[in-house]
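Notes to accompany the following structure.
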Protein chains: 2
Amino acid sequence: MLYDAPKLAPHDCGDCPIRHRAVCARCDSDELSVLEEMKYYRSFQAGQTVVWAGDRMDFVGSVVEGVATLTQTMEDGRTQMVGLLFPSDFVGRPGRAGAAYNVTATSDLVMCCFRKRPFEQMMETTPHVAQRLLQMTLDELDAAREWMLVLGRKTAREKIASLLTIIARRDASLHLAPVEGRLQFDLPLTREAMADYLGLTLETVSRQISALKRDGVIELQGKRHVIVPDFDRLQEEAGDDSDGGLPE
Amino acid sequence: MLYDAPKLAPHDCGDCPIRHRAVCARCDSDELSVLEEMKYYRSFQAGQTVVWAGDRMDFVGSVVEGVATLTQTMEDGRTQMVGLLFPSDFVGRPGRAGAAYNVTATSDLVMCCFRKRPFEQMMETTPHVAQRLLQMTLDELDAAREWMLVLGRKTAREKIASLLTIIARRDASLHLAPVEGRLQFDLPLTREAMADYLGLTLETVSRQISALKRDGVIELQGKRHVIVPDFDRLQEEAGDDSDGGLPE
DNA sequence: CGCCTGCCTTGACCCAGATCAACCGACCCG
DNA sequence: CGGGTCGGTTGATCTGGGTCAAGGCAGGCG
């Protein structure tokens with residue numbers, strides 16, 4: 001699978017303009033031209049809501065630029081983020097009528113969309129697409145389960161460090177490699193959104209970020225730009241055991 | 001889809017002995033005979049581990065009888081359950097070499113298995129199976145995200161009530177309908193396993209169960225048999241807003 | 001029978017993180 | 001330029017749930 005090699009690399013699929021991983025696995029096939037005709041772009045401003053939970057959602061698509069979140073809210077206002085979407089991430093649920101969660105842009109956002117019905121029909125006639133979507137959904141499921149460990153068992157400091165490693169990994173893959181091991185990136189989330197990600201309050205997020213800064217685990221330029229002098233140190237803080245998975 | 005109608009009903013697919021939802025959607029096809037030859041059963045005692053995280057896992061399958069859990073553990077022993085498997089639930093990751101989580105039987109367990117390689121090959125030649133697996137994986141993802149809200153934002157009491165509603169719903173579908181609205185079931189988990197599910201300690205689980213009993217939300221016979229006199233009341237305690245989803 | 005082990009309960013105390021509140025700086029807009 | 005809003009920080013205090021500790025009860029076994 002060509003596009004899996006640098007697993008989190010930005011989409012760059014020759015002259016195929018569709019930043020859609022489900023599709024890109026088949027860039028070399030005839031199906032592409034069908035999708036080429038189907039696709040359209042949508043832009044959103046930071047803070048704008050793409051769809052509300054429960055609303056009919058007549059498209060699927062993927063993030064081209066920017067960051068979006070999936071959130072769930074209780075009647076009394078408690079909210080929990082359940083998904084964090086970076087460029088190349090897929091949005092939508094083939095075979096389901098409605099959106100299950102609020103989808104919100106946290107920065108200016110560009111999505112590449114396909115109307116759901118024709119996309120579903122294409123899926124039925126193109127077995128590789130369903131398989132590709134299955135793999136992507138399994139990835140999302142793994143991410144969700146990793147996140148459950150963070151939510152259920154980690155301390156506030158570990159939670160912050162975990163979030164920073166996730167953003168660093170995603171962001172690093174989109175931009176340049178670390179310069180002399182000094183990884184850096186901009187936080188695409190407000191303190192409040194980070195709190196909703198981690199099941200904390202925004203005050204605790206702020207305090208723990210200050211603490212990590214005080215302890216030299218990270219450096220800050222302004223409120224959003226983070227410099228990580230030692231990524232291994234950050235991972236330790238996150239309580240992650242070093243990756244020992246066996247890939248296919 | 002024939003087998004989705006009573007969505008959580010025990011598998012009962014005419015004379016097809018394979019309790020495998022991914023397959024059952026195609027009971028009427030030729031593929032069945034292939035699977036019939038491929039399948040084999042495995043039994044485990046309560047407490048036994050089916051596979052360890054990271055181990056090679058050369059089969060996929062589904063739970064026929066009993067309950068199993070997926071858990072994740074940090075080096076220092078903190079553990080978080082990330083999946084709770086009832087009869088008809090699928091286990092395994094087509095296309096992935098290793099198990100991502102510990103799979104453990106919490107009661108005597110019977111699984112219907114297929115060797116992974118031939119199953120994957122069958123998937124490639126049988127598009128409906130990949131699509132069925134995609135739908136099942138989307139269901140799991142929804143469950144995981146619902147659970148994230150529980151872990152991140154609910155109080156201990158709400159967590160316990162949430163778990164009880166989940167078990168009640170799954171169990172009720174496997175056994176008899178509630179008698180006069182008095183739903184009842186046996187807890188398939190120890191207090192410690194419930195704690196690992198909910199990101200709590202076993203003492204807190206015990207205390208909150210006692211509190212729900214004291215307040216008349218549930219009744220107990222012994223330590224494991226739960227009677228729910230009023231399911232709506234239990235759902236309120238769980239903080240669930242009544243389901244307003246729009247199914248396909 | 002008595003002992004042990006696994007599972008569960010309850011009490012007393014403590015602390016990480018929530019809550020409440022004051023304040024800062026950047027930005028926008030009239 | 002002044003006032004308002006938004007996002008963020010920090011301090012003081014409170015509390016839900018963790019921690020530590022002491023039993024209780026049922027089942028298995030010598």
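Everything quoted here is computed from the prediction, not taken from an experiment. By convention in this document, chain letters (A, B, ...) are assigned in the order of the sequence lines, proteins followed by strands, and residues within each chain are numbered from 1.
- The base of D:dT19 is paired with the side chain of B:Arg207 by a donor and an acceptor separated by under 3.5 Å.
- Separating the CZ atom of A:Arg153 from the C1' atom of D:dT19 is a distance of 13 Å, rounded to the nearest angstrom.
- Two residues, A:Gln208 and B:Glu192, neighbour DNA chain C, and the one matched to the more 5' nucleotide by heavy-atom proximity is B:Glu192.
- Here A:Gly47 lies out of heavy-atom contact (under 4.0 Å) with every strand.
- When heavy atoms are screened at a 4.0 angstrom cut-off, B:Thr190 is found touching the sugar-phosphate backbone but no base atom.
- Across the protein-nucleic acid pair, A:Arg224 atom CZ and D:dG7 atom C1' stand 8 Å apart, rounded to whole Å.
- Counting atom types as modelled, A:Glu203 pairs a side-chain N or O with a base atom of C:dC20 as donor and acceptor under 3.5 Å.
- Ion pair B:Arg96/A:Asp139 flagged as a salt bridge, since at least one NZ, NE, NH1 or NH2 atom sits closer than 4.0 Å to an Asp/Glu carboxylate oxygen.
- In this structure, B:Gly222 reaches neither bases nor backbone, as no heavy-atom distance under 4.0 Å exists between it and the strands shown.
- Residue A:Thr201 has its side chain nearest to C:dT19 when only D:dG17, C:dG17, C:dT19 are considered.
- Between B:Glu146 and A:Gln72, the shortest heavy-atom contact is OE1-NE2, 3.0 Å.
- The two residues A:Arg157 and A:Ala211 come nearest to each other via the heavy atoms NH2-O, 3.9 Å.
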Practice task
Could you check B:Glu203 against B:Arg207 for salt bridge (Lys or Arg N to Asp or Glu O under 4.0 Å), going step by step and ending with a plain yes or no?
Solution key: CA-CA 6 Å; B:Glu203 292 95 330; B:Arg207 273 188 258 268; 5.9 Å; no
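- Counting any heavy atom pair closer than 4.0 Å across all strands shown, A:Arg157 reaches no nucleic acid atom.
- Counting to the nearest Å, the P atom of C:dG11 and the CZ atom of B:Arg214 are 11 Å from each other.
- In this structure, CD of A:Gln45 is placed 16 Å from P of D:dC6, rounded to the nearest angstrom.
- Using a 4.0 Å heavy-atom cutoff across all strands shown, A:Leu200 reaches sugar-phosphate atoms only and no base atom.
- Closest contact between the side chain of B:Thr204 and the listed nucleotides D:dG17, C:dC20, C:dG17 involves D:dG17.
- Side chain of A:Leu202, nearest nucleotide from C:dC8, D:dG7, D:dT9: D:dT9.
- We find that NZ of B:Lys154 is positioned 18 Å from P of C:dA18, with the value rounded to whole Å.
- The distance between atom NZ of A:Lys159 and atom P of C:dA16, rounded to the nearest whole Å, is 14 Å.
- We find that NE2 of B:His225 is positioned 17 Å from P of D:dA26, with the value rounded to whole Å.
- Separating the CD1 atom of B:Ile209 from the P atom of C:dT10 is a distance of 11 Å, rounded to the nearest angstrom.
- For the pair B:Leu198 and B:Thr204, the minimum side-chain heavy-atom distance is 4.5 Å or more.
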